[in-house]
Amino acid sequence: MKPSIPKGTRDFSPTEVANRTYIMNTIKKAFETFGFQPIETPSFENASTLMGKYGEEGDRLIFKILNSGDYLAKADENVLTAKNSLKLTSQISEKALKYDLTVPFARYVVQHQNEITFPFKRYQVQPVWRADRPQKGRFREFYQCDADVVGSKSLWQEVEFIQLYDKVFSQLGLLKTSIKINNRKILSGIAEVIGAQDKLIDFTVALDKLDKIGKEKVEIEMLAKGISEEAIKKVQPLFSFDGSNEENLDALASMLQSSEEGTKGVEELRFVINSVTELGLKSARLEVDVTLARGLNYYTGAIFEVSAPKGVKMGSIGGGGRYDDLTGIFGLKDVSGVGISFGLDRIYLVLEELGLFKSVDNPKPKVLFINFGKEEALYCMKAIAHLRAKDIKSELFPDAAKMKKQMNYANKRKIEFVVLVGSQEIENNQFTLKNMISGEQYSLNINELIASLN
RNA sequence: GUGGUUGUAGCUCAGUUGGUUAGAGCGUCGGUUUGUGGUACCGAAAGUCGUGGGUUCGAGCCCCAUCUUCCACCCCA
């Protein structure tokens with residue numbers, strides 16, 4: 001049998017793990033710099049916790065876990081014979097792999113509300129699973145790195161999250177990312193102004209395609225979805241949004257002046273943008289993007305999305321937003337939350353494409369002791385114990401293999417030094433230390449050996 | 001979930017209109033070289049041609065199914 005792994009999953013080599021750890025540590029360190037503290041939640045949740053939180057599409061993409069035991073025998077006979085997958089699923093599966101980190105976090109907050117001091121700033125770096133069809137940068141198992149604040153409605157949080165994005169991407173050397181920002185209230189306002197509140201989703205989905213298929217086709221799609229010609233006329237400015245953030249905000253403000261909610265959205269967006277502009281960004285660019293409509297299922301205020309620098313073909317590498325009532329689903333009202341997510345796996349691909357990994361090294365010993373035989377090995381192991389006590393990474397080649405093989409091993413792992421010990425060295429209580437880069441070698445006693453490797 | 005695409009040695013890939021025993025480079029292992037590596041030269045191992053059916057005297061090549069890869073929708077990190 002040929003071994004294989006499931007579609008959309010991957011093995012990671014030592015180099016890949018080193019690179020991933022580097023990204024993760026950069027993100028975690030930034031989270032902590034901004035005052036977030038880590039939590040973890042289980043890989044799988046009760047299915048009822050997750051189902052219905054991500055829309056119909058989301059439900060389809062949740063990995064369900066089969067109940068233990070003879071689950072079919074316990075299922076309703078009628079549902080079984082009717083072959084109704086949807087109904088049957090809820091009977092034979094009570095658990096599901098987590099789909100994102102936000103909903104389990106909301107569950108966590110509600111469940112631990114009495115232990116938590118609000119505002120609660122948490123970060124979480126864990127894998128999530130989606131039964132999606134894989135593509136480049138799209139996997140069925142991938143890591144999200146989330147930071148959220150719950151228990152504060154302050155827009156300063158939005159400002160800080162933009163700074164956090166900027167900090168992480170700057171540190172990773174990923175310059176000129178674009179952070180797109182929108183506000184759900186603006187989208188609602190637009191729908192209100194055109195008299196199509198019920199068509200909000202159709203409208204935004206069509207609008208989202210503007211830069212892909214062009215104005216004419218977007219209008220055709222909107223008409224097809226039952227949005228009136230008059231309504232489309234009212235939002236014409238949306239189709240030619242290429243001015244500065246300031247100009248775009250002004251255009252939105254006048255378009256939405258009759259909508260209370262829309263006007264509020266513009267004000268919020270203006271505050272965030274003005275504050276960020278005042279405080280300055282290192283390398284990212286902040287852009288108002290009214291076509292941005294992610295996570296419409298629970299976002300209520302700001303919506304974020306980060307795309308890679310121009311020229312890199314990759315979907316969004318981060319996203320987030322404000323959700324005013326996510327904990328409400330689990331019974332805790334009036335707790336506003338806002339957060340962002342970093343897509344580790346996509347960031348990896350982008351950094352790789354741009355060649356930004358070269359400084360990351362695999363873990364390796366500083367010195368390799370060549371194995372000449374039993375007696376020599378023992379002599380070496382005593383020295384190694386001393387080196388390790390000083391936290392000098394060292395190892396003995398496990399077998400008394402040919403010199404060439406042992407030296408090759410050192411070369412392959414890019415080990416800087418080797419120590420050669422034969423009968424002569426043992427006799428003189430010495431070690432021959434060889435620098436594998438320069439080829440120089442010295443005869444040293446144990447203290448000199450420690451000193452030159454420390 | 002819809003439509004398309006890909007699969008040949010550990011890796012990257014050749015392989016003619018269907019025709020005997022499927023090749024190369026890199027890597028691996030061994031040797032030249034039993035206490036001195038990277039270089040060089042010589043040699044070896046390694047493939048049920050993704051898998052299962054079918055067509056054919058004959059299939060890596062044609063047909064069907066399935067898995068995988070990537071792409072476009074959809075959605076998203």
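Below, read A as the first sequence line, B as the second, and so on, with proteins coming before strands; counting in each chain starts at 1. Quick caveat, the model's predicted, so the values are computed rather than measured.
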Would you say B:rU36 has OP1 or OP2 under 4.0 Å from some side-chain N or O of A:Gln406?
no

Under 5.5 Å between ring centres and under 30° between planes: true for A:Phe142 and the base of B:rA77?
yes

Looking at A:Lys121 and A:Glu160, is any side-chain nitrogen of the basic one under 4.0 Å from a carboxylate oxygen of the acidic one?
yes

Ring centroid separation A:Phe369 to A:Phe397 under 6.0 Å:
no

Please tell me which of the listed nucleotides, B:rU36, B:rC74, B:rC76, lies nearest to the side chain of A:Glu57?
B:rC74

Please determine whether any donor N or O and acceptor N or O are separated by less than 3.5 Å between the side chain of A:Arg133 and the base of B:rC74.
no

Output the single nucleotide from B:rU28, B:rU69, B:rG37 whose closest atom is nearest the side chain of A:Lys7.
B:rU69

Side chain of A:Leu420 only, heavy atoms from C-beta on: which candidate in B:rG38, B:rG35, B:rU28 is closest?
B:rG35

Within the structure shown, what part of the strands sits under 4.0 Å from A:Ile317 by heavy-atom distance: base, sugar-phosphate, or nothing?
sugar-phosphate

Would you mind classifying the nucleic acid contact of A:Thr9 as base, sugar-phosphate or nothing, using non-hydrogen atoms under 4.0 angstrom?
nothing

Counting the atoms with a prime plus P, OP1 and OP2 as sugar-phosphate, which does A:Lys313 contact under 4.0 Å by heavy atoms, base, sugar-phosphate, or nothing?
sugar-phosphate

Treating A:Asn371 as the side-chain partner and A:Gly373 as the backbone partner, does any N or O pair qualify as donor plus acceptor under 3.5 Å?
yes

Can you tell me if CD on A:Glu375 sees more than 12 non-hydrogen neighbours from other groups inside 6.0 Å?
no

Can you find a donor-acceptor N/O pair under 3.5 angstrom joining the side chain of A:Gln441 to the base of B:rU36?
yes

By the 4.0 Å heavy-atom rule, please label A:Lys405 as base, sugar-phosphate, or nothing.
sugar-phosphate

Which of these nucleotides, B:rG30, B:rC76, B:rG1, is closest to any side-chain atom of A:Arg60?
B:rG1

Side chain of A:Arg346, base of B:rC76: donor and acceptor closer than 3.5 Å?
yes

Measure from NZ or CZ of A:Arg130 to the centre of the six-membered ring of A:Phe142 and say whether it is under 6.0 Å with the direction within 45° of the ring axis.
no

Record whether the side chain of A:Asn411 comes under 3.5 Å of the base of B:rG37 through a donor-acceptor pair of N or O atoms.
yes

Looking across every strand, which nucleic acid part, if any, lies under 4.0 Å from A:Gly320 by heavy atom: base, sugar-phosphate, or nothing?
nothing

What nucleic acid atoms does A:Glu425 come within less than 4.0 Å of, heavy atoms only: base, sugar-phosphate, or nothing?
base

Which listed nucleotide (B:rA77, B:rG37, B:rU36) is nearest to the side chain of A:Arg138?
B:rA77

